[in-house]
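Along the sequence shown, residues carry numbers from 1.
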Amino acid sequence: MKDFPCLPEGAKPDVLHPMCPSRQVLAHLTSRWGALILVALSGKTLRFSQLRRALGNVSERMLAQTLQGLEADRMILRVAHDVVPPHVDYSLTEIGEEAAGLVKGLAAWVERRLPEILAGREVRLEPDQV
């Protein structure tokens, strides 16, 4: 396996290592907006405004920053068309689609288990049980 210049010589990727760049990639993929962007773009190409509408209450700035991070990680392909007004398409790369599949699996699990999760929030301990 290839060495990573930001890790000690001979070190392999390890998300638990504080200096491993895998932590930043994981943070991009599992951030609130990163995960939702992956789900929204799965199998689709969307323009910035379409993506923003699909996500709901994300600010333009936050969406732009999250897209830049995912693009830097090669999860997203950004295609700017030379037209007026500017037209930019976003889609997932091959590894982005793979990551989206994993995130969608987690999202499906959350949706499936949501009633149990929410019911657990309603359970309150009596003072003598604390």
Side-chain angles (χ1 to χ4, degrees):
M1 178 164 288
K2 169 180 160 177
D3 286 340
F4 293 86
C6 55
L7 297 176
E9 188 176 330
K12 294 180 181 176
D14 177 2
V15 76
L16 297 179
H17 190 286
M19 298 303 292
C20 186
S22 63
R23 281 192 176 196
Q24 187 177 28
V25 174
L26 184 63
H28 290 160
L29 295 174
T30 59
S31 72
R32 175 183 182 181
W33 299 116
L36 295 175
I37 287 169
L38 291 174
V39 171
L41 286 176
S42 182
K44 297 180 198 157
T45 297
L46 297 174
R47 293 173 72 175
F48 187 90
S49 59
Q50 293 173 310
L51 186 53
R52 187 164 182 225
R53 277 193 301 276
L55 298 179
N57 60 343
V58 63
S59 70
E60 282 189 29
R61 183 173 181 245
M62 181 55 66
L63 179 56
Q65 286 177 340
T66 307
L67 286 167
Q68 287 171 354
L70 292 170
E71 183 183 10
D73 293 339
R74 300 178 187 233
M75 301 290 161
I76 288 187
L77 178 63
R78 179 184 185 275
V79 177
H81 300 279
D82 191 20
V83 294
V84 177
H87 176 145
V88 179
D89 291 324
Y90 295 93
S91 59
L92 296 178
T93 62
E94 182 182 337
I95 63 170
E97 286 288 355
E98 183 179 350
L102 297 169
V103 171
K104 285 171 54 177
L106 180 58
W109 176 86
V110 169
E111 290 169 347
R112 188 175 72 249
R113 301 296 260 191
L114 190 59
E116 293 170 72
I117 294 166
L118 294 179
R121 289 182 182 175
E122 296 169 5
V123 174
R124 302 284 186 246
L125 294 177
E126 295 300 320
D128 62 328
Q129 293 178 316
V130 178

Side-chain donor or acceptor of R78 paired with backbone N/O of V88 under 3.5 Å: no
Parallel, tilted or perpendicular, as decided by the 30° and 60° cut-offs, for the rings of H81 and H87: perpendicular
Any side-chain heavy-atom pair of F48 and E60 under 4.5 Å: yes
Euclidean distance, E98 CD relative to L92 CG, rounded to 0.5 Å: 11.5 Å
Interatomic spacing from CG in L102 to OG1 in T30 - rounded to 0.5 Å: 12.0 Å
Interatomic spacing from NE2 in H28 to CD in Q68 - rounded to 0.5 Å: 10.0 Å
Gap between atom CG of L67 and atom CD of Q65 - 0.5 Å precision: 10.5 Å
Candidate list L70, L29, L46, test side chain to side chain contact (heavy atoms under 4.5 Å, CB included), partner I37, passing option: L70
Identified side chain to side chain contact (heavy atoms under 4.5 Å, CB included) counterpart of D73 within the set V25, L26, I95, T93: V25
Residue pair C20 / P13: nearest heavy atoms and the distance that separates them: SG-CA, 3.8 Å
Spatial distance of atom CG (L77) from atom CD (E94) [nearest 0.5 Å]: 12.5 Å
Closest contact, heavy atoms only, R47 versus P86: NH2-O, 4.0 Å
Within 6.0 Å of CD in Q24, more than 12 heavy atoms from elsewhere: no
Over all atoms of both residues, closest heavy-atom pair of S42 and K104: OG-NZ, 3.2 Å
Residue of the set T45, V79, I76 for which side chain to side chain contact (heavy atoms under 4.5 Å, CB included) holds with S91: T45
R112 CZ: over 12 foreign heavy atoms closer than 6.0 Å: yes
Closest non-hydrogen atom pair, M75 against A99: SD-CB, 4.1 Å
Contact check, side chains of H17 and S22, non-hydrogen atoms, under 4.5 Å: no
Interatomic spacing from CG in L36 to OG1 in T66 - rounded to 0.5 Å: 10.0 Å
